[in-house]
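Input: a single structure, listed below in structure tokens.
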Amino acid sequence: MVHYSKIAEGEMITAPSRSISLVEGTHIATPIGNICIEMLRAGDIVCTENGPRPIKAIRSQRISGLVYTTDRSNWPIQIAKDALGQNLPERDLYLHGAQRVLFQSVRIPLMFGEDAVLVEARALSTRNAPLEARGPVTYYQIAFDAEEIIYAEGLPVGSYLPTAEDLKRGTAEDQEALLALYPQLRNDGKVEDCGYMILHDWELRAATA
């Protein structure tokens, strides 16, 4: 696990946490245009569903290609250009399989009473494959004061949502750094989520059959 307190660019690891995150090179919408995720820093302003918001923290993980031989769950997922509608996404989008994506369909309101729902990227992927022959991949997480919907290659996706479970997985140093950012996590508290229903894979299959 890469320490929250040590956001070491380019650090190579062989035992990654199961991050909800986006791949290096992904374009993120900002008020001054799309910017590659690796160029963003804490304090930069990003476009969200709720308007412009400053980034609270960015965390990165560079995963060795060796990981892929033993753990397929960390392979990057591809959502092809226009796979979810015109310019959704605007370019091929690569992201962690657990990354939440905002999904809309004519059946969603009928079946779930919601205009849109969050689903994991692996449920929407058109190809589950590593980027380049199982080479190293750098994932980035963008965090705000609360979970936000941001725009990655034009596709609405959820920002990183820290939970009390993250404290249990981290070292004492990780815990201290995360609690400094989100003191509400003490005593099993919660960071505010974006309010969307999260669908299981089988629910999404039923809605898109």
Side-chain angles (χ1 to χ4, degrees), residues 1-8 11 13 15-24 26 28 37 40-44 46 48-50 53-63 67 71-77 93-103 112 114 116-125 137-152 155-204:
M1 182 175 190
V2 175
H3 298 304
Y4 286 88
S5 53
K6 296 180 179 178
I7 304 177
E11 181 176 353
I13 59 176
S17 62
R18 296 177 183 274
S19 307
I20 297 174
S21 43
L22 301 162
V23 170
E24 181 178 19
T26 300
I28 304 297
I37 195 168
L40 294 171
R41 298 291 183 268
D44 288 347
V46 168
T48 80
E49 187 179 54
N50 294 315
R53 292 288 188 272
I55 295 172
K56 190 178 186 72
I58 294 181
R59 177 172 177 256
S60 65
Q61 284 187 301
R62 186 166 173 80
I63 298 178
V67 171
D71 188 359
R72 292 173 63 95
S73 67
N74 281 292
W75 285 13
I77 298 296
L93 174 62
Y94 298 92
L95 60 179
H96 193 278
Q99 169 66 46
R100 292 184 294 272
V101 175
L102 192 65
F103 180 76
F112 303 103
E114 303 282 345
V117 293
L118 288 172
V119 297
E120 289 190 348
R122 60 172 55 94
L124 296 171
S125 67
V137 173
T138 302
Y139 287 111
Y140 286 82
Q141 296 172 325
I142 300 178
F144 301 87
D145 286 328
E147 183 184 26
E148 300 282 356
I149 298 297
I150 62 175
Y151 301 93
L155 187 69
V157 301
S159 67
Y160 174 57
L161 178 64
T163 68
E165 287 298 316
D166 292 327
L167 293 176
K168 297 175 184 178
R169 285 195 294 265
T171 65
E173 187 177 15
D174 294 333
Q175 293 171 10
E176 181 180 352
L178 191 57
L179 286 172
L181 290 170
Y182 300 100
Q184 62 268 50
L185 290 177
R186 295 184 187 276
N187 302 317
D188 291 325
K190 295 182 179 180
V191 176
E192 183 181 357
D193 64 35
C194 62
Y196 284 101
M197 176 186 291
I198 300 174
L199 289 194
H200 297 291
D201 290 2
W202 65 269
E203 292 174 310
L204 178 64

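Reckoned from all heavy atoms, side chains included, excluding hydrogens, waters and symmetry mates.
Of all the heavy atoms in R41 and D44, the pair that sits closest is N-OD2, 2.8 Å. Of all the heavy atoms in P54 and G43, the pair that sits closest is CB-O, 4.2 Å. Nearest approach of A121 to H96, heavy atoms of both residues: CB-O, 3.7 Å. Considering every non-hydrogen atom in both V191 and A146, the closest pair reads CG1-CA, 3.9 Å. Here the closest heavy-atom approach between residue F144 and residue Y182 is recorded as O-OH, 2.6 Å. P162 approaches L185 most closely through the heavy-atom pair O-CD2, 4.0 Å.
The cationic group of K56 does not satisfy the cation-pi geometry with Y160, failing either the under 6.0 Å distance to the six-membered ring centre or the 45° limit from the ring axis.
Rounded to the nearest 0.5 Å, atoms CG (D193) and CZ (R100) are 8.5 Å apart. A distance of 6.0 Å separates CZ of F103 from CG of L124, quoted to the nearest 0.5 Å. Here the straight-line distance linking atom CD1 of I142 with atom CZ of R53 works out to 15.0 Å at 0.5 Å rounding. To the nearest 0.5 Å, atoms CD1 (I37) and OG1 (T26) are separated by 6.0 Å. In this structure, L22 CG and S159 OG are separated by 10.0 Å, a value rounded to the nearest 0.5 Å. Atom CD1 in I55 sits 4.5 Å away from atom CG in L40 (nearest 0.5 Å).
In this structure, Y140 and S60 have side chains that are in contact, with non-hydrogen atoms separated by less than 4.5 Å. Put simply, the side chain of I28 does not reach to within 4.5 Å of the side chain of Y151, judged on heavy atoms. In this structure, Y94 and I77 have side chains that are not in contact, with every pair of non-hydrogen atoms separated by 4.5 Å or more. When side chains are defined from C-beta on, E203 does not count as touching V117, because their heavy atoms never get closer than 4.5 Å. Considering only heavy atoms from C-beta on, L118 comes within 4.5 Å of C194 through its side chain. The shortest side-chain heavy-atom distance between I150 and V157 falls under the 4.5 Å cut-off. Counting heavy atoms from C-beta outward, L155 and V101 have side chains that approach closer than 4.5 Å.
Within a 6.0 Å radius of CD in E176, no more than 12 heavy atoms belonging to other residues, nucleotides or ligands are found.
Judged by distance alone, the side chain of Q184 and the main-chain N or O of K190 form no donor-acceptor pair under 3.5 Å.
For E192, there are no side chain to side chain donor-acceptor pair (under 3.5 Å) partners, not counting sequence neighbours. With sequence neighbours left out, the side chain to side chain donor-acceptor pair (under 3.5 Å) criterion links Y196 to E49. Scored by the side chain to side chain donor-acceptor pair (under 3.5 Å) test, N50 finds E148 as partners (sequence neighbours excluded).
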